[in-house]
Amino acid sequence: MTPPQKPKKQPFETAQFDDEALHGRHDPALPVYQEKGEPFEGNSEMPFALFVAVVFLAFGMGVYLTRYSFDFDFFIYDHNKHLILDAGSIKEEVWDPLVQGEKIFKKNCTQCHQTTGLGVPGSYPPLAGSSWLLGIDAIPVRVLLKGLEGPIEVEKAQFNGAMPTFGTKFSDKQIAAVLSYVRQAWGNAAPAVQEGTVTQIRQALGDRSRVFSATELMSVK
Amino acid sequence: MNNPTMTLSQMTLSQIDRSLKGSGIFFVSWACIWLLVGTLFALITSIKLQYPPFLSGYEWFTFGRVRAAHLNVVAYGWVNNALFAVGLWVMARLCKSPVRHKGMLYVAGSFWNLGLLLGVGGIFMGHNSAVEWLEMPTYVSPLLAVAYVLIGAWGVLAFWHRESDHVYVSQWYLLAAFFWFPWLYTIVQMLIFFTPMQGVMQSITHWWFAHNVLGLWMTPICVAIVYYILPKVLGKPIHSYYLSVVGFWSLALFYNWAGMHHLIGGPIPVWMISAGIVGSIMMFVPVIVTAINHHITAMGSLRDIWNSPSLRFIVFGAMNYTLSSAFGSLMALRSFNKITHFTHFTVGHAHHGAYGFVTMVLFGGIYFMLPRLLNREWPSAGLIRMHFWCCSSGIILMVVALSIGGWFQGLKMNNPNIPFLDIVRFTLPYLHARTLAGLLLLCGHVAFVVNVVWMLRGSYVRSETGPTLLSPVPNSGGL
């Protein structure tokens, strides 16, 4: 690499300008003179083998499109035709309260009660083996519908927290499902909660806005 | 004429070069600024991925903002300014007609770069949208749209006033791109932001646009630049007119569909994805046809290519066009996409196309154009050599590291027994390699910008007359 050289600087008045420089014309040493003519194309034909390859590729892709376009149906969503959105043929999904209840529980309850159902000692009461949960179903249904606040003793341990209300978030069917799940998970063996029970209690409570306290729940029959 | 050796066509070329001098310098200067800024943002983003606490105390430099800023600055700041400069210049030269209404170009350029400054500022302030490639806040899109339309209109105007009889292959690509891109940009802005469509239709429009930024804007202009400079410097005709025709029309026909392969596995009607896959695979046709056309033209002139700064970059770029497009077509296949989707493989592929191909071709274009606009040679062959070696080794390292890392990352992510964090740890060495590659690219960019600044200031002139070549071996002329 040759070291770059600085041009001599001349004050403007004494600088020598010739015609070429003044008119900004090109010096023969400059790039435009050194370049070759403007480009153009030759007339060689497309190689036959390439033509054949293109035809085969186009044919193959045509077959692919025919196979996987499904007549350009807007309601087919995957190439195995497993996901078809068609109002006429959708099968009613079987509602298994235990399966649905587990889904609801995992989404909404595990932050406090944990996936083990054991809660967090000192902060959140356990559900596994809790007599509040496993006794008459009217108590847990009320807790879910309207919430629970204040001191409570669960299996000989003291808690003082707040359980949010889920009555507005979930339907009667969903509340019955999640309660049925927790009443039968982790070794719990209480009977399932019926949707009708939840409906009945919801109607009885009406538009009550107060949350329940432990003492109030103890009087529930 | 004072100089008897100057032919009429050389006079015309000289006039055209002079008519584009001001706007060319304007666009190239902005491109250089954005190039350095964009590289810095890229490095910050890359370091954050291997060391998350880096700069995390500043809201402005959170990952989501810096990454978006990097993408927009390099794509719309560096690439587009350089495309405007070189693309318009090639168009004007091939039309054999000096530029009319030069002022319009400054208006367009000012709108563009002002829009970009506001847009990138908006991204840092958290006004960005969540649509990749369109993160700049909607209040700058009218500015950018006006700039696009003006540039596009100017390109069409240059073609309208052409004085050449024959329309050369580069002109087809340029004319098409000048129509395509303003159309793509205004449509996507309307359908996603100003009168938004419902649900997945937005994703479909989004990926139709995002893939076509590369496919119907950057690619055609860069292919046009290769088609212009390769035969020009070598002084040979392009191998075959017929191959050029097949290449152009197959690109125009198939590229538009390819964007749908970004949505494989997504909740959109399967026929759209199948059509996208077919479009992507059919992209083998324009890519291979163009590659053969360029390859046969270049055959037998390896020494000239190696000695010419512009051709060294342009041939490197053209080779990467073939490679990255071939990988892109494969990535559209369902079985391949299942592994590479949502991995670093895709990031490597994006850089392969946008850097290995587009940016390298633009460097080559600027190395050829700027001496003609300024009537001055490049000050330092050493800096050009450094630029080439840093950028070529940097981009090869980045693409290889991210492709290997991304491939195994994809295989591991498809195995539900491997914990996610183990996979994140597994990718770390590859991310380190990417940062190293980024540093190499930064060195190359600094060498390039220093050379441009020296050239613009005219503070250094080379001792010998004649073009700056990369080898002492005498050359028959040209650059």
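Owing to the predicted nature of the structure, the values given are computational and were not obtained by experimental measurement. Residue numbering restarts at 1 for every chain, and letters A, B, ... go by the order of the sequence lines. Worth knowing before you read on, the calculation uses all heavy atoms, side chains too, and leaves out hydrogens, waters and symmetry mates.
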Would a 4.5 Å heavy-atom cut-off, applied to side chains only, mark B:Trp271 and A:Ile76 as touching?
-> no

Under a 4.5 Å heavy-atom cut-off, does chain A meet the side chain of B:Ile264, its backbone, both or neither?
-> neither

Counting heavy atoms not belonging to B:Trp172, are there more than 12 under 6.0 Å from its CH2?
-> yes

Please confirm whether the backbone N or O of B:His239 pairs with a side-chain atom of A:Ser44, one donor and one acceptor, at under 3.5 Å?
-> yes

Sequence-distant partners of A:Phe159, side chain to side chain contact (heavy atoms under 4.5 Å, CB included), two or more places apart | A:Pro125, A:Pro126, A:Ile152, A:Val154, A:Ala157

Can you give me every donor-acceptor pair (side chain of residues 224-232 of chain B, partner residue at least two apart or in another chain, under 3.5 Å) with its distance?
unit_1: B:Tyr227; atom_1: OH; unit_2: B:Asn293; atom_2: ND2; d: 3.1
unit_1: B:Tyr228; atom_1: OH; unit_2: A:Glu38; atom_2: OE1; d: 3.2
unit_1: B:Tyr228; atom_1: OH; unit_2: A:Glu38; atom_2: OE2; d: 3.0
unit_1: B:Tyr228; atom_1: OH; unit_2: B:Arg93; atom_2: NH1; d: 3.0
unit_1: B:Lys232; atom_1: NZ; unit_2: A:Glu35; atom_2: OE2; d: 2.6
unit_1: B:Lys232; atom_1: NZ; unit_2: A:Lys36; atom_2: O; d: 2.9
unit_1: B:Lys232; atom_1: NZ; unit_2: A:Glu38; atom_2: OE2; d: 2.4

Decide if atom CZ of A:Phe166 counts as having more than 12 heavy atoms of other residues, nucleotides or ligands within a radius under 6.0 Å.
-> yes

A:Leu50 versus chain B, the contacting section by heavy-atom distance below 4.5 Å = side chain

What part of B:Leu243 is in contact with chain A, defined as an atom under 4.5 angstrom from a non-hydrogen atom: side chain, backbone, both or neither?
-> side chain

When rounded to the nearest 0.5 angstrom, what distance separates CG in A:Leu65 from CE in B:Met282?
-> 11.0 Å

Per-residue contact mode, B:Leu234 against chain A (heavy atom under 4.5 angstrom) = backbone

Under a 4.5 Å heavy-atom cut-off, does chain B meet the side chain of A:Ala53, its backbone, both or neither?
-> neither

Looking only at B:Leu94, B:Ile277, B:Val245, the option with the highest number of non-hydrogen pairs under 4.5 Å against chain A is B:Ile277

B:His166, NE2 atom: more than 12 neighbouring heavy atoms under 6.0 Å | yes

Which bit of A:Phe72 comes within less than 4.5 Å of chain B, counting heavy atoms only: side chain, backbone, both or neither?
-> both

Above 12 or not: heavy atoms from other molecules or residues under 6.0 Å from CD of A:Glu45?
-> no

Between OG on residue B:Ser244 and CD on residue A:Glu41, distance to nearest 0.5 Å | 5.0 Å

B:Tyr168, B:Tyr242, B:Phe284: which one forms the most heavy-atom pairs within less than 4.5 Å of chain A?
-> B:Tyr168

Carefully, step by step, assess B:Tyr241 and A:Phe40 under the rule side chain to side chain contact (heavy atoms under 4.5 Å, CB included).
-> CA-CA 9 Å; B:Tyr241 171 79; A:Phe40 59 99; over 6 Å; no

For the residue pair A:Phe75 and B:Pro269, establish whether any side-chain heavy-atom pair is separated by less than 4.5 Å.
-> no

For the pair B:Ser274 (side chain) and A:Tyr68 (backbone), establish whether a donor and an acceptor sit closer than 3.5 Å, ignoring hydrogens and angles.
-> yes

Give a yes or no on whether A:Trp186 atom CH2 has more than 12 heavy-atom contacts from other residues, nucleotides or ligands under 6.0 Å away.
-> yes

